[in-house]
Amino acid sequence: LYAITNPDGARSYLSGEYVVNRYPEAVMAKHNTTVDRVPWGTRVRDAGTMDRIEVNDVTRTLDELMAKRN
């Protein structure tokens with residue numbers, strides 16, 4: 001689950017397809033720009049940043065993971 005930091009540099013190597021990524025939205029809201037325009041390692045540590053990730057985002061990703069595992 002990523003909103004504060006960029007999953008491209010923080011996630012596990014083989015888990016990219018199971019990432020819930022709200023970092024681009026958080027960067028846009030805080031810096032009014034896109035991820036590719038902020039310095040590498042930029043974090044968005046504002047209160048409520050992780051709240052961008054909704055339960056439906058997580059359950060949808062888990063459902064996809066479980067369907068592939070079965």
- Message: On a heavy-atom basis, which atom in Y23 and which in A3 lie closest, and how many Å separate them?
- Response: CD1-O, 3.4 Å
- Query: Is any side-chain heavy atom of W40 closer than 4.5 Å to a side-chain heavy atom of N6?
  - Reply: yes
- Message: Looking at every heavy atom in both R52 and A26, which two are closest together, and how far apart are they?
- Response: NE-CA, 3.6 Å
- Message: Tell me the closest heavy-atom pair linking I53 and V20, and the distance in Å.
- Response: CG2-CG1, 3.7 Å
- Is the backbone N or O of D57 less than 3.5 Å from a side-chain atom of T61, with the two atoms forming a donor-acceptor pair by type? yes
- Query: Could K68 and E17 be called an ion pair, given the rule that one side-chain N must be under 4.0 Å from one carboxylate O?
  - Reply: yes
- What are the two closest non-hydrogen atoms of V38 and T33, and how far apart are they? CG1-CG2, 3.6 Å
- Query: Tell me, do M28 and V35 make a side-chain contact under 4.5 Å, heavy atoms counted?
  - Reply: no
- Message: Within this structure, what is the CZ-OG1 distance for the pair R45 and T5, rounded to the nearest 0.5 Å?
- Response: 8.0 Å
- Note on the structure: So CZ of R22 and OG1 of T49: to nearest 0.5 Å the spacing works out to 13.5 Å
- Task: Calculate, to the nearest 0.5 Å, the distance between atoms CZ and CG belonging to R60 and L65 respectively.
- Result: 14.0 Å
- Message: Would a single hydrophobic cluster contain both L62 and L1, if residues Ile, Leu, Val, Met, Phe, Trp and Tyr are joined by side-chain heavy-atom contacts under 4.5 Å?
- Response: yes
- Item | Shortest non-hydrogen contact from N21 toward P24 | OD1-CD, 3.1 Å
- Query: Is R11 atom CZ crowded by more than 12 heavy atoms from other residues, nucleotides or ligands, each under 6.0 Å away?
  - Reply: yes
- Message: Quick one, V27 and V44 - any side-chain contact, counting heavy atoms below 4.5 Å?
- Response: yes
